[in-house]
Amino acid sequence: MAARGFLQIAPGRRLALNGVEWTVEDVHGQLGRLVLVDDDGRAETRSFRWLINHADLRLLRTVEARRPSSAARQPRILADLTKDQLERARLRAAHVLEVETGFREGHPARAMKGEPRSAYDPDRTTLTQRRYAKAAEIEAMPRPEAIRCGLQHLSYRTLVRLSGLAGDSLLLACADGRWTRRRSGHRSITKEVREAIFAVKAECGERARVSLAARHRLMHQYMSERFPTFPTEKIPSRWTFAAVWEEWFGPGGARPRYGRTAEAAAEAGVSGRMVVHRPGQVLVLDSTPMPVKLRETVFGDAITATLTLALDLYTHGLPAFRLTLQSDTSVDIAMLLRDVMLPLPMRDGWGEDMEWPYAGVPADVIAEFAGHKVAALPFFAPETVTTDHGGPYKNHDLVEAEREIGCRILPARVLRQTDKYAVERQFHTIQTMLFEHLLGFTGGDVADRGADPERDASLTLTQAEHVIATWIVQIWQNRKLGEYAPSWAPGEDHSPNTLFVAAMEQGGFDLDFPEPGFYYKVLRKHHVKIHPRRGVKILGLWYHHPVLDEPRFLQPSSRGGKHAGQWVVRSDRRDRRQTFFQDPTDHETWHILRWRGLPPEGEVPAFSDKTANDLLSHVKANRIRIHSESELLEHLLEILGSVTPVDQWPSQAKRKAGKKRRVAQAREITRAQAAAADRAPGPAPAEEPSPAELPAAWAEHARTIDRAVDADRRRRREEALADTKPVAPATLNEALNRRPMFRLPPPDGSEAETTGREEDA
């Protein structure tokens with residue numbers, strides 16, 4: 001602060017000169033000068049003497065008390081200037097340095113061509129001469145050029161004021177003060193207006209999204225009802241209201257329900273992020289439609305598969321994945337968790353570089369435990385599983401499977417995609433690094449699809465699964481991590497595999513394989529009673545096995561509790577042809593209960609819950625009276641196999657309907673194959689029949705169905721005639737002797753009755 005007589009001058013002081021309001025921006029006490037800035041941002045440099053002797057000078061104390069002091073703001077830095085403003089400041093500083101040193105760069109070692117000029121040679125001229133020469137040069141410069149460079153005010157006194165400055169201080173002194181002038185705020189935002197804006201913000205948080213104009217009208221309504229004496233003309237305009245709203249509350253691009261959820265989470269104190277320290281601490285699961293059209297093995301139609309990923313949040317590795325037709329189920333997710341805990345076996349075409357390479361645990365030891373050579377893909381027991389709120393992830397069967405593994409369940413917050421951002425990003429990474437290069441790629445949007453991705457599809461479901469597995473083991477697990485690199489190793493290069501190795505060296509490695517009966521324990525449970533000679537009834541269908549006819553199962557179960565006296569039978573919703581019954585004696589043997597409608601020889605195409613429900617609905621809708629379970633087979637085969645050959649389709653509509661039916665049948669068969677593959681690691685029961693080979697074409701599939709129907713009808717006919725003694729037919733001579741050939745029988749049939757009585761006699 002500087003004082004001249006009665007006048008106290010300090011930065012932030014508000015003055016009125018000739019009716020124009022000014023603010024003291026800066027004070028140079030040693031030079032006796034100060035910088036004044038008006039409300040339009042125009043800056044002027046005046047001396048204390050000129051200000052004290054000004055005839056029309058008034059102090060604005062009330063305004064000064066309302067406005068914050070300029071000294072309270074942070075100092076200016078070069079980062080506050082734009083690229084163009086910084087270049088203009090450097091140009092001004094070059095003129096000042098040429099006056100001070102004779103060189104535009106400020107030192108003879110950095111002299112430019114032709115420097116020093118004769119008027120600025122420090123060996124021949126004095127500093128005062130160089131200042132006057134520069135002032136004359138600027139004055140002779142064309143006015144537009146001087147204004148563009150900001151040199152129109154570079155006078156002798158300005159050069160004197162800037163003397164002694166260098167570096168960033170000189171650049172900031174040469175920068176126009178209007179470029180970085182203090183934000184004065186909005187004078188129209190009074191205490192009443194501020195209250196109205198916050199009231200509108202609170203009200204809009206519970207409503208649907210409204211426009212800016214509607215929010216401005218709500219502010220008018222609040223002001224008119226709460227402050228009726230407030231002048232209407234002093235209410236901020238819509239543009240001022242929009243600027244203040246964005247400054248205080250941000251752009252507001254989030255949807256209202258997302259914003260409400262975020263505010264509720266912040267109030268609950270769960271807005272922070274989790275810090276992960278070891279592999280398996282957090283496993284993130286998610287599913288998405290695969291953006292590549294595939295071809296099903298049996299029918300060759302273009303299909304859409306669902307890709308489910310399991311991502312380790314510490315290493316960002318992919319320990320397991322699943323490809324399912326159309327959509328996944330809770331059983332698929334449970335089997336995915338089991339795959340995370342099992343070592344991946346080596347496949348055909350994989351070289352030695354893709355085998356288990358981790359130090360500390362030899363590959364022979366892992367192979368001895370697993371029973372096969374192990375690929376270079378980490379496996380571990382997950383501690384915490386994070387999923388979204390999709391149907392398969394909320395299923396109680398999956399929740400029980402997660403508890404069976406021993407991991408905690410940490411579902412993502414509703415409508416907060418950031419809780420599983422890593423796996424969401426991983427889907428995009430796989431798309432850009434792999435899927436975009438495959439035939440049949442559909443793109444991320446309908447508008448980005450190719451001309452005919454269904455026609456371009458060439459990979460089968462099995463081939464696509466092999467390609468993804470090879471990409472994960474060979475490329476992704478060895479790819480250098482960028483922004484996901486660990487914080488404890490700055491500057492080091494790491495991949496998911498090297499992070500897993502580092503974790504093994506720090507905390508060791510636990511060989512914890514799931515038990516063989518894990519598959520059966522995660523299946524859906526049914527509490528039923530065993531009926532003599534009929535078996536058990538599961539969701540409308542009867543299942544039987546000879547072991548159920550033993551006397552120990554003909555009495556109620558010894559189980560107590562909620563389902564006292566009932567037996568537990570488990571079913572796989574992907575394949576309803578059989579259910580599984582745990583032997584209560586050793587608890588390790590699982591008996592396969594086959595559906596009673598299956599023929600004793602051959603196999604019926606697989607069917608899931610949806611097809612079974614369609615079967616029962618068809619029977620109920622047509623009021624069909626069922627005498628035995630085998631009669632249901634005919635109606636099931638009508639649903640599964642009533643398809644006309646392609647060359648007999650009369651119209652495009654029938655072609656579309658046929659394709660839909662074939663894809664549905666392919667989905668049933670693929671799910672059954674997945675269920676059979678999931679049962680493979682467990683102990684195979686002795687009673688389990690070996691499944692027949694699935695047909696390779698629809699024609700062969702239709703012939704299989706016909707043979708199954710013929711065999712079932714033959715069996716039923718033989719059972720009906722089992723107790724009937726065969727009688728040889730009468731010879732032609734005996735028939736002619738019994739009745740003359742040319743004699744007509746009477747119309748009432750009396751002769752036939754008489755003949756019958758004679759034969760009986």
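A quick note: this is a predicted structure, and the numbers were derived from the prediction, not measured.
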Distance from [X] atom [atom1] to [Y] atom [atom2], nearest 0.5 Å?
X	Y	atom1	atom2	value
Ser557	Arg552	OG	CZ	12.0 Å
His544	Ile530	NE2	CD1	9.5 Å
Asp332	Thr306	CG	OG1	9.5 Å
Leu337	Leu342	CG	CG	11.0 Å
Thr304	Leu294	OG1	CG	8.0 Å
Thr432	His437	OG1	NE2	8.5 Å

Could you check Asp572 against Arg577 for salt bridge (charged side-chain N to carboxylate O under 4.0 Å, His left out), going step by step and ending with a plain yes or no? CA-CA 9 Å; Asp572 191 338; Arg577 293 177 298 179; over 6 Å; no

Does Leu593 form a side-chain contact (heavy atoms from CB on, under 4.5 Å) with Val536? I'd like the steps, not just the answer. CA-CA 9 Å; Leu593 312 182; Val536 295; 3.9 Å; yes

Any residue meeting ring-ring contact (aromatic ring centres under 6.0 Å, His included) with [X], in chain and number order, not counting sequence neighbours:
X	answer
His428	none
His372	none
Phe553	Trp567, Phe581
His531	Trp542

State which residues pass salt bridge (Lys or Arg N to Asp or Glu O under 4.0 Å) with Arg479; sequence neighbours excluded, sorted by chain then number. none

By side chain to side chain donor-acceptor pair (under 3.5 Å), which residues pair with Lys480, not counting sequence neighbours? Asp493

Residues at least two apart in sequence or cross-chain that pass side chain to side chain donor-acceptor pair (under 3.5 Å) with Glu465, listed by chain then number, are Arg347

Show me the donor-acceptor pairs within less than 3.5 Å that the side chains of residues 283-290 make with the rest of the protein, sequence neighbours left out.
unit_1, atom_1, unit_2, atom_2, d
Asp286, OD2, Lys420, NZ, 3.1
Ser287, OG, Thr308, OG1, 2.9
Ser287, OG, Asp328, OD2, 2.6
Ser287, OG, Tyr393, OH, 2.6

Are the aromatic ring centres of Tyr520 and Trp590 under 6.0 angstrom apart? yes

Taking all non-hydrogen atoms of both residues, which atom of [X] and which atom of [Y] are closest, and how far apart?
X	Y	answer
His591	His545	ND1-CE1, 4.4 Å
Leu377	Leu318	CD1-O, 3.3 Å
His526	Arg524	NE2-NE, 3.6 Å
Pro453	Arg449	CG-NH2, 3.2 Å
Asp312	Gly280	OD1-N, 3.0 Å
Gly317	Pro319	O-CD, 3.3 Å

Between [X] and [Y] (side chain of the first, backbone of the second, donor and acceptor by atom type, cut-off under 3.5 Å), is there such a pair?
X	Y	answer
Thr315	Pro279	no
Asn478	Val473	yes
Glu355	Ala376	no

Take Phe321 and Val340, measure what side-chain contact (heavy atoms from CB on, under 4.5 Å) needs, and give me the verdict at the end. CA-CA 9 Å; Phe321 74 96; Val340 174; over 6 Å; no

Parallel, tilted or perpendicular: ring planes of Trp476 versus Trp471, cut at 30 and 60 degrees: parallel

Check: [Y] and [X] side chains under 4.5 Å, non-hydrogen atoms:
X	Y	value
Gln474	Asp353	yes
Asp456	Phe441	no
Pro378	Gln477	yes
Lys373	Trp356	no
Ile430	Leu309	yes
Thr498	Leu481	no
Gln566	Pro556	no
Leu434	Ile468	yes

Please list all pairs meeting salt bridge (Lys or Arg N to Asp or Glu O under 4.0 Å) that have one or both residues in residues 538-549, counting only residues at least two apart or in different chains. none

Per the salt bridge (Lys or Arg N to Asp or Glu O under 4.0 Å) rule, what does the pair list look like for residues 428-441, sequence neighbours excluded? none

Chi angles and distances behind the salt bridge (charged side-chain N to carboxylate O under 4.0 Å, His left out) call for Glu454, Arg295: CA-CA 9 Å; Glu454 289 80 5; Arg295 292 198 177 276; over 6 Å; no

The test is side-chain contact (heavy atoms from CB on, under 4.5 Å); show your working for Leu438 and Phe435 and say whether it passes. CA-CA 5 Å; Leu438 301 179; Phe435 291 159; 4.1 Å; yes

Determine, step by step, whether Phe500 and Phe379 satisfy the side-chain contact (heavy atoms from CB on, under 4.5 Å) criterion, reporting the C-alpha distance in whole Å, the side-chain angles of both residues, the deciding distance to 0.1 Å, and the verdict. CA-CA 10 Å; Phe500 184 74; Phe379 61 94; over 6 Å; no

Verify whether one side chain among Lys293 and Thr442 offers a donor that lies under 3.5 Å from an acceptor in the other. no

Pair Thr585-Asp583, side-chain donor/acceptor within less than 3.5 Å: yes

Among residues at least two apart in sequence or on other chains, which ones pass side chain to side chain contact (heavy atoms under 4.5 Å, CB included) with Leu439? Ser458

Residue list, side chain to side chain contact (heavy atoms under 4.5 Å, CB included) with Glu383, at least two apart or on another chain: Arg278, Gln281, Arg408

Should we say atom CD of Glu352 is surrounded by more than 12 heavy atoms from elsewhere, each under 6.0 Å from it? no

